[in-house]
Amino acid sequence: MTAAARSLKTPEDLASAGLIEPARLDGIRAVADRYAIALTPTVVSLIDRADPEDPIARQFVPDPGELLTTPEERLDPIGDHAHSPVKGIVHRYPDRVLMKAVHVCPVYCRFCFRREMVGPEGDGTLSPDELAAALGYIREHADVWEVILTGGDPLVLSPRRLSAIMRGLADIPHVKIVRFHTRVPVVEPDRVDEALIAALRESRKVVYVALHANHPRELTEPARAACARLIDAGFPMVSQTVLLKGVNDDPIVLGELMKAFVETRIKPYYLHHPDLAPGTGHFRLDIAEGQKIVSALRGNISGLCQPTYVLDIPGGHGKAVIGESAARREGGCYSVSDFHGEEHIYPPR
(Lines give C-alpha, C1' and ligand atoms only; values in the text may rest on other atoms or scores of the structure.)
Protein backbone atom coordinates (compact mmCIF):
# COMPACT_ATOMS: atom_id res chain seq x y z
CA MET A 1 0.00 0.00 0.00
CA THR A 2 1.41 3.40 -0.96
CA ALA A 3 1.59 6.40 1.35
CA ALA A 4 -1.09 8.10 -0.76
CA ALA A 5 -3.54 5.24 -0.09
CA ARG A 6 -3.38 5.24 3.71
CA SER A 7 -3.22 7.66 6.60
CA LEU A 8 0.21 9.05 7.44
CA LYS A 9 1.00 8.46 11.12
CA THR A 10 4.77 8.68 11.56
CA PRO A 11 7.50 11.20 10.75
CA GLU A 12 8.87 8.68 8.26
CA ASP A 13 5.48 8.59 6.51
CA LEU A 14 5.54 12.37 6.24
CA ALA A 15 9.04 12.36 4.79
CA SER A 16 8.16 9.63 2.27
CA ALA A 17 5.14 11.66 1.16
CA GLY A 18 7.30 14.75 0.66
CA LEU A 19 5.59 16.70 3.43
CA ILE A 20 8.77 17.23 5.47
CA GLU A 21 12.40 17.33 4.43
CA PRO A 22 14.59 14.44 5.66
CA ALA A 23 16.76 16.96 7.51
CA ARG A 24 13.76 17.80 9.73
CA LEU A 25 13.09 14.19 10.74
CA ASP A 26 14.79 14.33 14.13
CA GLY A 27 12.88 17.45 15.16
CA ILE A 28 9.56 15.97 14.04
CA ARG A 29 10.32 12.69 15.82
CA ALA A 30 10.65 14.66 19.05
CA VAL A 31 7.17 16.10 18.48
CA ALA A 32 5.77 12.65 17.62
CA ASP A 33 7.12 11.28 20.90
CA ARG A 34 4.67 13.56 22.70
CA TYR A 35 1.74 14.23 20.36
CA ALA A 36 -0.15 11.98 17.97
CA ILE A 37 0.13 12.36 14.19
CA ALA A 38 -2.44 11.36 11.56
CA LEU A 39 -3.28 12.74 8.13
CA THR A 40 -5.88 10.98 6.02
CA PRO A 41 -5.37 10.58 2.25
CA THR A 42 -8.02 13.28 1.76
CA VAL A 43 -6.04 15.76 3.84
CA VAL A 44 -2.77 14.84 2.13
CA SER A 45 -4.37 15.50 -1.26
CA LEU A 46 -5.29 19.05 -0.19
CA ILE A 47 -1.75 20.09 0.74
CA ASP A 48 0.16 22.28 -1.70
CA ARG A 49 3.74 21.04 -1.35
CA ALA A 50 4.99 24.03 -3.33
CA ASP A 51 3.71 26.43 -0.67
CA PRO A 52 5.86 26.47 2.48
CA GLU A 53 3.04 28.37 4.24
CA ASP A 54 0.24 26.07 3.07
CA PRO A 55 -2.72 26.51 5.49
CA ILE A 56 -3.75 22.86 5.30
CA ALA A 57 -0.25 21.59 6.06
CA ARG A 58 0.03 24.06 8.92
CA GLN A 59 -3.00 22.47 10.60
CA PHE A 60 -1.82 18.86 10.38
CA VAL A 61 1.93 18.55 9.74
CA PRO A 62 3.90 18.64 13.04
CA ASP A 63 6.24 21.52 13.78
CA PRO A 64 9.10 21.64 16.32
CA GLY A 65 7.45 24.76 17.74
CA GLU A 66 4.98 22.42 19.43
CA LEU A 67 7.66 21.60 21.99
CA LEU A 68 7.83 25.23 23.15
CA THR A 69 5.48 25.69 26.08
CA THR A 70 4.70 29.13 27.51
CA PRO A 71 3.95 29.74 31.21
CA GLU A 72 0.25 30.44 30.63
CA GLU A 73 -0.40 27.19 28.73
CA ARG A 74 -2.19 24.32 30.46
CA LEU A 75 -2.46 20.55 30.03
CA ASP A 76 -6.26 20.84 30.37
CA PRO A 77 -6.90 24.38 29.13
CA ILE A 78 -10.70 24.41 29.33
CA GLY A 79 -11.00 22.37 32.54
CA ASP A 80 -12.51 19.11 31.29
CA HIS A 81 -11.13 17.13 34.23
CA ALA A 82 -12.47 19.58 36.81
CA HIS A 83 -16.02 19.00 35.52
CA SER A 84 -15.88 15.23 34.92
CA PRO A 85 -18.05 13.45 37.51
CA VAL A 86 -17.59 10.04 35.83
CA LYS A 87 -15.26 8.89 33.09
CA GLY A 88 -16.38 10.12 29.67
CA ILE A 89 -18.71 12.85 30.96
CA VAL A 90 -18.01 16.58 31.25
CA HIS A 91 -20.85 18.49 32.94
CA ARG A 92 -19.95 22.17 32.73
CA TYR A 93 -23.34 23.74 31.88
CA PRO A 94 -26.71 23.01 33.54
CA ASP A 95 -28.64 21.62 30.56
CA ARG A 96 -26.00 19.75 28.61
CA VAL A 97 -23.10 17.35 28.98
CA LEU A 98 -20.22 16.27 26.81
CA MET A 99 -19.83 12.54 26.29
CA LYS A 100 -16.28 11.64 25.30
CA ALA A 101 -16.82 8.06 24.14
CA VAL A 102 -13.57 7.87 22.20
CA HIS A 103 -10.25 9.73 22.28
CA VAL A 104 -8.92 8.94 18.81
CA CYS A 105 -9.39 10.99 15.65
CA PRO A 106 -8.94 10.38 11.92
CA VAL A 107 -6.56 13.40 11.94
CA TYR A 108 -4.73 15.20 14.73
CA CYS A 109 -4.84 18.98 14.61
CA ARG A 110 -1.59 20.57 15.75
CA PHE A 111 -3.54 23.16 17.79
CA CYS A 112 -5.88 20.69 19.53
CA PHE A 113 -6.93 21.80 23.02
CA ARG A 114 -7.23 18.13 24.06
CA ARG A 115 -3.86 17.12 22.60
CA GLU A 116 -2.75 15.70 25.97
CA MET A 117 -5.81 13.40 26.02
CA VAL A 118 -6.27 12.21 22.43
CA GLY A 119 -4.40 9.72 20.26
CA PRO A 120 -3.43 6.04 20.50
CA GLU A 121 -1.77 6.72 23.87
CA GLY A 122 -4.55 9.03 25.08
CA ASP A 123 -7.52 8.47 27.37
CA GLY A 124 -8.86 5.59 25.28
CA THR A 125 -12.36 4.46 24.32
CA LEU A 126 -15.04 3.91 26.95
CA SER A 127 -15.44 0.26 27.89
CA PRO A 128 -18.99 -1.18 28.04
CA ASP A 129 -19.04 -0.70 31.84
CA GLU A 130 -17.73 2.88 31.54
CA LEU A 131 -20.32 3.66 28.87
CA ALA A 132 -23.06 2.24 31.10
CA ALA A 133 -21.84 4.45 33.98
CA ALA A 134 -21.80 7.51 31.70
CA LEU A 135 -25.34 6.81 30.51
CA GLY A 136 -26.36 6.20 34.12
CA TYR A 137 -25.10 9.64 35.10
CA ILE A 138 -27.12 11.25 32.30
CA ARG A 139 -30.20 9.25 33.32
CA GLU A 140 -29.89 10.46 36.92
CA HIS A 141 -29.67 14.14 35.95
CA ALA A 142 -33.04 15.27 34.65
CA ASP A 143 -31.70 18.74 33.80
CA VAL A 144 -29.62 17.30 30.95
CA TRP A 145 -31.49 18.28 27.79
CA GLU A 146 -28.62 17.85 25.31
CA VAL A 147 -25.79 15.31 25.00
CA ILE A 148 -22.79 16.36 22.89
CA LEU A 149 -20.70 13.49 21.52
CA THR A 150 -17.12 14.66 21.21
CA GLY A 151 -13.73 13.32 22.12
CA GLY A 152 -11.74 12.42 19.97
CA ASP A 153 -14.02 12.25 16.99
CA PRO A 154 -17.16 10.20 17.70
CA LEU A 155 -17.74 9.41 14.02
CA VAL A 156 -14.64 7.21 13.94
CA LEU A 157 -16.64 4.69 15.97
CA SER A 158 -18.14 1.80 14.06
CA PRO A 159 -21.85 1.98 13.24
CA ARG A 160 -22.35 -0.87 15.74
CA ARG A 161 -20.81 1.11 18.59
CA LEU A 162 -22.58 4.33 17.57
CA SER A 163 -25.88 2.44 17.50
CA ALA A 164 -25.27 1.16 21.02
CA ILE A 165 -24.68 4.69 22.32
CA MET A 166 -27.72 6.05 20.55
CA ARG A 167 -29.94 3.23 21.82
CA GLY A 168 -28.72 4.00 25.32
CA LEU A 169 -29.71 7.65 24.91
CA ALA A 170 -33.08 6.68 23.41
CA ASP A 171 -34.22 5.38 26.78
CA ILE A 172 -33.54 8.67 28.61
CA PRO A 173 -36.70 10.79 28.16
CA HIS A 174 -35.29 14.14 29.31
CA VAL A 175 -32.54 14.06 26.65
CA LYS A 176 -34.07 15.73 23.61
CA ILE A 177 -31.01 16.70 21.54
CA VAL A 178 -27.91 14.72 20.57
CA ARG A 179 -25.08 16.65 18.95
CA PHE A 180 -21.96 15.28 17.25
CA HIS A 181 -18.74 17.28 16.95
CA THR A 182 -16.71 15.94 14.05
CA ARG A 183 -14.17 16.51 11.30
CA VAL A 184 -15.04 13.27 9.48
CA PRO A 185 -17.10 14.73 6.59
CA VAL A 186 -14.10 16.91 5.66
CA VAL A 187 -11.17 14.58 6.31
CA GLU A 188 -12.75 11.19 5.54
CA PRO A 189 -15.97 11.87 3.63
CA ASP A 190 -16.51 8.29 2.44
CA ARG A 191 -17.08 7.25 6.05
CA VAL A 192 -20.43 9.10 5.93
CA ASP A 193 -22.39 6.21 4.46
CA GLU A 194 -25.81 4.64 4.97
CA ALA A 195 -24.60 2.52 7.89
CA LEU A 196 -23.35 5.58 9.77
CA ILE A 197 -26.53 7.52 9.03
CA ALA A 198 -28.66 4.59 10.22
CA ALA A 199 -26.66 4.49 13.45
CA LEU A 200 -27.28 8.21 14.10
CA ARG A 201 -31.02 7.58 13.72
CA GLU A 202 -31.10 4.89 16.42
CA SER A 203 -31.90 7.23 19.32
CA ARG A 204 -35.00 8.74 17.68
CA LYS A 205 -33.83 12.04 19.19
CA VAL A 206 -33.20 15.28 17.31
CA VAL A 207 -29.61 14.96 16.04
CA TYR A 208 -27.35 17.87 15.10
CA VAL A 209 -23.90 17.60 13.53
CA ALA A 210 -21.28 20.28 14.17
CA LEU A 211 -18.55 20.27 11.52
CA HIS A 212 -15.04 21.50 12.34
CA ALA A 213 -13.32 23.14 9.37
CA ASN A 214 -10.88 26.05 9.28
CA HIS A 215 -10.11 26.86 5.66
CA PRO A 216 -12.35 27.08 2.56
CA ARG A 217 -10.25 24.48 0.72
CA GLU A 218 -11.46 21.89 3.22
CA LEU A 219 -15.00 22.14 1.79
CA THR A 220 -14.24 19.97 -1.25
CA GLU A 221 -16.96 18.48 -3.43
CA PRO A 222 -16.69 15.09 -1.63
CA ALA A 223 -16.91 16.90 1.73
CA ARG A 224 -19.97 18.86 0.60
CA ALA A 225 -21.54 15.64 -0.68
CA ALA A 226 -20.94 13.95 2.69
CA CYS A 227 -22.59 16.90 4.44
CA ALA A 228 -25.50 16.72 2.00
CA ARG A 229 -26.02 13.07 2.92
CA LEU A 230 -26.27 14.02 6.59
CA ILE A 231 -28.52 17.03 6.01
CA ASP A 232 -30.79 15.17 3.60
CA ALA A 233 -31.10 12.43 6.23
CA GLY A 234 -32.61 15.03 8.58
CA PHE A 235 -29.58 16.11 10.62
CA PRO A 236 -29.15 19.91 10.70
CA MET A 237 -25.52 21.04 10.62
CA VAL A 238 -23.66 23.91 12.25
CA SER A 239 -20.00 24.86 12.00
CA GLN A 240 -17.09 25.20 14.37
CA THR A 241 -13.90 27.00 13.36
CA VAL A 242 -10.75 27.93 15.25
CA LEU A 243 -9.22 31.31 14.40
CA LEU A 244 -5.62 30.36 13.58
CA LYS A 245 -2.59 32.44 12.72
CA GLY A 246 -1.36 31.49 9.26
CA VAL A 247 -4.53 29.57 8.40
CA ASN A 248 -7.58 31.85 8.45
CA ASP A 249 -6.53 35.07 10.23
CA ASP A 250 -7.65 37.12 7.25
CA PRO A 251 -11.21 38.44 6.78
CA ILE A 252 -11.24 37.44 3.09
CA VAL A 253 -10.21 33.82 3.80
CA LEU A 254 -12.52 33.59 6.82
CA GLY A 255 -15.38 35.09 4.83
CA GLU A 256 -14.86 32.55 2.03
CA LEU A 257 -15.01 29.75 4.60
CA MET A 258 -18.24 31.05 6.15
CA LYS A 259 -19.80 31.39 2.69
CA ALA A 260 -18.73 27.85 1.85
CA PHE A 261 -20.48 26.61 4.99
CA VAL A 262 -23.71 28.39 4.06
CA GLU A 263 -23.51 27.11 0.48
CA THR A 264 -23.26 23.61 1.98
CA ARG A 265 -26.37 24.28 4.13
CA ILE A 266 -24.28 24.53 7.31
CA LYS A 267 -25.05 27.44 9.64
CA PRO A 268 -21.89 29.17 10.93
CA TYR A 269 -21.92 28.75 14.71
CA TYR A 270 -18.73 29.24 16.75
CA LEU A 271 -15.45 30.89 15.85
CA HIS A 272 -13.13 29.83 18.66
CA HIS A 273 -10.18 31.83 19.88
CA PRO A 274 -7.33 29.30 20.21
CA ASP A 275 -7.08 27.71 23.64
CA LEU A 276 -3.98 27.72 25.85
CA ALA A 277 -2.94 24.15 24.99
CA PRO A 278 0.77 23.34 25.37
CA GLY A 279 2.91 24.13 22.35
CA THR A 280 0.24 26.02 20.41
CA GLY A 281 1.49 29.58 20.86
CA HIS A 282 2.47 29.84 17.19
CA PHE A 283 -1.23 29.53 16.28
CA ARG A 284 -2.59 32.14 18.67
CA LEU A 285 -3.22 35.77 17.81
CA ASP A 286 -4.16 38.67 20.03
CA ILE A 287 -7.86 38.92 20.92
CA ALA A 288 -7.92 42.48 19.55
CA GLU A 289 -6.66 41.12 16.20
CA GLY A 290 -9.46 38.54 16.24
CA GLN A 291 -12.05 41.20 17.02
CA LYS A 292 -10.82 43.28 14.09
CA ILE A 293 -11.13 40.30 11.73
CA VAL A 294 -14.62 39.46 12.96
CA SER A 295 -15.70 43.10 12.65
CA ALA A 296 -14.52 43.08 9.04
CA LEU A 297 -17.00 40.27 8.30
CA ARG A 298 -19.92 42.37 9.47
CA GLY A 299 -21.59 44.11 6.55
CA ASN A 300 -19.20 42.65 3.99
CA ILE A 301 -20.78 39.21 3.93
CA SER A 302 -24.34 38.04 4.54
CA GLY A 303 -25.78 37.83 8.03
CA LEU A 304 -26.22 34.10 7.40
CA CYS A 305 -22.42 33.84 7.35
CA GLN A 306 -21.65 35.47 10.71
CA PRO A 307 -20.12 33.19 13.38
CA THR A 308 -20.04 33.99 17.10
CA TYR A 309 -16.49 34.72 18.27
CA VAL A 310 -15.94 32.95 21.61
CA LEU A 311 -13.25 32.23 24.15
CA ASP A 312 -13.29 29.21 26.45
CA ILE A 313 -12.27 30.74 29.76
CA PRO A 314 -9.29 28.77 31.13
CA GLY A 315 -10.02 26.55 34.10
CA GLY A 316 -13.44 25.34 33.01
CA HIS A 317 -15.50 28.51 33.46
CA GLY A 318 -17.29 28.17 30.11
CA LYS A 319 -17.47 30.22 26.93
CA ALA A 320 -17.55 34.00 26.70
CA VAL A 321 -18.57 35.94 23.60
CA ILE A 322 -15.64 38.22 22.79
CA GLY A 323 -16.67 39.92 19.55
CA GLU A 324 -16.08 43.64 19.90
CA SER A 325 -19.25 45.53 20.74
CA ALA A 326 -20.37 48.02 18.08
CA ALA A 327 -22.26 50.09 20.66
CA ARG A 328 -20.49 52.17 23.32
CA ARG A 329 -22.12 54.44 25.89
CA GLU A 330 -21.19 58.08 25.41
CA GLY A 331 -22.90 60.60 27.66
CA GLY A 332 -26.65 60.09 27.48
CA CYS A 333 -26.54 58.25 24.15
CA TYR A 334 -24.75 55.42 22.40
CA SER A 335 -22.07 55.69 19.75
CA VAL A 336 -22.63 52.93 17.19
CA SER A 337 -20.06 51.99 14.54
CA ASP A 338 -21.07 50.70 11.12
CA PHE A 339 -19.13 48.15 9.10
CA HIS A 340 -17.10 50.94 7.49
CA GLY A 341 -15.92 51.99 10.96
CA GLU A 342 -17.91 55.24 10.95
CA GLU A 343 -19.55 56.38 14.20
CA HIS A 344 -23.24 57.24 14.60
CA ILE A 345 -25.18 58.53 17.63
CA TYR A 346 -28.21 56.55 18.86
CA PRO A 347 -30.56 57.60 21.71
CA PRO A 348 -30.56 55.50 24.91
CA ARG A 349 -33.93 53.90 24.07
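The model shown is predicted, which means the values in this text are computed figures rather than measured ones.
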key: Geometric cation-pi criterion, R58 with F283: 6.0 Å, 45°   = yes

Compare every heavy atom of [Y] with every heavy atom of [X], then report the nearest pair and how far apart it is.
| X | Y | result |
| --- | --- | --- |
| A17 | R49 | O-NE, 2.9 Å |
| P189 | P222 | CB-O, 3.6 Å |
| P154 | F180 | CG-CD2, 3.8 Å |
| R191 | L155 | CD-O, 3.0 Å |

Salt-bridge criterion met for [X] and [Y] (N-O under 4.0 Å):
| X | Y | result |
| --- | --- | --- |
| R115 | E66 | yes |
| D54 | R217 | yes |
| R96 | D143 | no |
| R110 | D63 | no |
| R6 | D13 | yes |
| R139 | D171 | no |
| K319 | D312 | yes |
| E116 | R34 | yes |
| R229 | D193 | no |

Does the side chain of [X] reach to within under 4.5 Å of the side chain of [Y], using non-hydrogen atoms?
| X | Y | answer |
| --- | --- | --- |
| L39 | I47 | yes |
| R183 | C105 | no |
| S163 | M166 | no |
| T182 | L149 | no |
| I28 | P64 | yes |
| R161 | L131 | no |
| L157 | I165 | yes |
| H215 | E256 | no |

Can [X] and [Y] be counted as having a side-chain donor-acceptor contact under 3.5 angstrom?
| X | Y | answer |
| --- | --- | --- |
| T40 | E188 | no |
| R284 | T280 | yes |
| H91 | Y137 | yes |

Within a reach of under 6.0 Å around [atom1] of [X], are more than 12 heavy atoms found that belong to other residues, nucleotides or ligands?
| X | atom1 | result |
| --- | --- | --- |
| E21 | CD | no |
| I287 | CD1 | yes |
| R329 | CZ | yes |
| K245 | NZ | yes |
| K9 | NZ | no |

Main-chain N/O of [Y] paired to [X] side chain as donor or acceptor, under 3.5 Å:
| X | Y | result |
| --- | --- | --- |
| N214 | V242 | yes |
| K259 | I301 | no |
| S7 | A38 | no |
| K205 | V175 | yes |
| T264 | I266 | no |
| S295 | Q291 | yes |
| E146 | V97 | no |
| E289 | D286 | yes |
| S84 | K87 | no |
| E202 | A199 | no |

[X], [Y]: one ILVMFWY side-chain cluster at the under-4.5 Å cut-off?
| X | Y | value |
| --- | --- | --- |
| I172 | L98 | no |
| L271 | I322 | yes |
| I148 | V118 | no |
| V147 | Y269 | no |
| L276 | Y309 | no |

Salt bridge (Lys or Arg N to Asp or Glu O under 4.0 Å) between D275 and R114, intermediate numbers included = CA-CA 10 Å; D275 294 306; R114 291 195 178 113; over 6 Å; no

request  = Under the side chain to side chain contact (heavy atoms under 4.5 Å, CB included) rule, what do L243 and L254 come out as? Steps first, then yes or no, please.
outcome  = CA-CA 9 Å; L243 185 58; L254 195 61; 4.3 Å; yes

task = Check step by step if side chain to side chain contact (heavy atoms under 4.5 Å, CB included) holds for L46 and T220.
result = CA-CA 9 Å; L46 293 178; T220 61; 3.5 Å; yes

inquiry  = I'd like to know whether I177 forms a side chain to side chain contact (heavy atoms under 4.5 Å, CB included) with V207, so could you lay out the CA-CA distance, the side-chain angles of the two residues, the decisive distance to 0.1 Å, and finally the verdict.
reply    = CA-CA 6 Å; I177 308 295; V207 173; over 6 Å; no

key: Members besides Y35 in its Ile/Leu/Val/Met/Phe/Trp/Tyr cluster (side-chain heavy atoms under 4.5 Å)   = V31, L67

key: Working for side chain to side chain contact (heavy atoms under 4.5 Å, CB included), residues C109 and Q59   = CA-CA 6 Å; C109 304; Q59 293 183 66; 5.5 Å; no

